[in-house]
Amino acid sequence: MIIATWNVNSISVRLPQLIDWLQTHKPNVVCLQETKTVDDKFPFEKLSEVGYNCEFFGERSYNGVAILSDRPIMNVRKGFIDGDEQSQKRLIEAEIDSVHIINVYIPNGSAVGSSKYEFKLDWLQRLHHHIAHNHDMNKQLVLCGDFNIATEDIDCYNAELVKGTIMVSDAERSSLDQVKALGFVDTFRMHNKEAGQFSWWDYRMGCFRRNMGFRIDHIWASESLASQCESVFIDKAPRKMERPSDHAPVVAKFN
DNA sequence: ATGGTGGATGGTCCA
């Protein structure tokens with residue numbers, strides 16, 4: 001089973017690129033973030049035409065997540081089971097061929113110390129609670145998406161320069177570490193040990209051209225599933241195209 | 001120098 005995650009930054013703008021990409025890579029499961037559209041406008045017909053079922057949880061202008069699959073998508077749940085999510089559409093989960101998939105768009109957090117940063121930390125705590133109370137780490141479980149956190153210094157272009165700032169600050173890394181400690185493995189790091197491999201580059205200041213990026217899009221797996229992970233790669237090709245998303249897809253292959 | 005670029009929107013907000 002091939003599982004991918006991609007923050008598309010608007011499903012409507014990126015739909016042609018997404019369809020091309022699906023037909024090239026033929027992933028079995030694709031988790032999307034920042035679809036930025038209400039459910040009534042989600043282009044499920046066009047995705048159905050190329051062989052993908054869709055489940056989506058969107059809102060106007062911001063956020064929005066979706067799961068696509070060429071296999072039946074079962075037991076779909078949207079948002080946190082417990083507690084208020086302030087109406088932001090950032091989590092969708094489902095079961096596909098006995099693999100439980102949790103797709104998240106973790107809040108960006110804006111700047112350390114801001115109210116959005118506090119919201120990010122709170123959201124991470126709720127994610128921990130949600131998984132601890134609703135999932136079995138002994139099963140085949142995936143937690144993937146745009147985490148908006150570079151977990152290690154080698155996941156950002158200049159650790160000294162960005163030390164303590166958003167996406168790398170101690171508090172958010174610590175909160176995410178607690179989620180990981182439930183029993184997840186970072187599948188990318190099972191197979192790739194080198195520094196300087198990124199999944200997001202700011203649109204501004206020519207960051208992509210200068211490779212000023214961060215690895216913030218992740219595919220984590222429970223140990224039983226991680227043991228079946230053959231390979232993981234970041235596909236930079238879509239980021240090089242005209243009018244790209246600012247994120248590149250990450251693709252994991254399980255046998 | 002609080003920029004710069006892109007998306008949704010129709011003023012700015014968000015990333």
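All chains are named by letter (A, B, ...) in the order of the sequence lines, taking the proteins before the strands, and each is independently numbered beginning at 1.
Taking only side-chain atoms of A:Ser12, from C-beta outward, the nucleotide of B:dG7, B:dA8, B:dT9 with the closest atom is B:dA8. Across B:dT5, B:dT9, B:dA15, the shortest atom-to-atom separation from the side chain of A:Tyr203 is found for B:dT5. The listed nucleotides are B:dA15, B:dG7, B:dT9; the one nearest the side chain of A:Tyr62 is B:dG7. For A:Tyr105, whose side chain is taken as the heavy atoms from C-beta onward, the closest listed nucleotide among B:dA15, B:dT9, B:dG7 is B:dA15. Closest to the A:Asn108 side chain, of the nucleotides B:dT9, B:dA15, B:dG6, is B:dA15. Checked against B:dG7, B:dA8, B:dT5, the side chain of A:Arg204 finds its nearest nucleotide in B:dT5.
Taking the six-membered ring for Trp, A:Trp201 and A:Phe214 have ring centres at least 6.0 Å apart.
A distance of about 13 Å separates the C1' atoms of B:dG4 and B:dA15, rounded to the whole Å. Between the C1' atoms of B:dC14 and B:dT9, the separation comes to 12 Å (whole Å).
Contacts of A:Thr37 with the nucleic acid, taken as non-hydrogen atoms under 4.0 Å apart, are absent.
A donor and an acceptor atom, one from each side chain of A:Gln33 and A:Thr5, are located under 3.5 Å apart.
Geometrically, A:Arg90 engages A:Tyr105 in a cation-pi contact defined by less than 6.0 Å to the ring centre and at most 45° from the axis.
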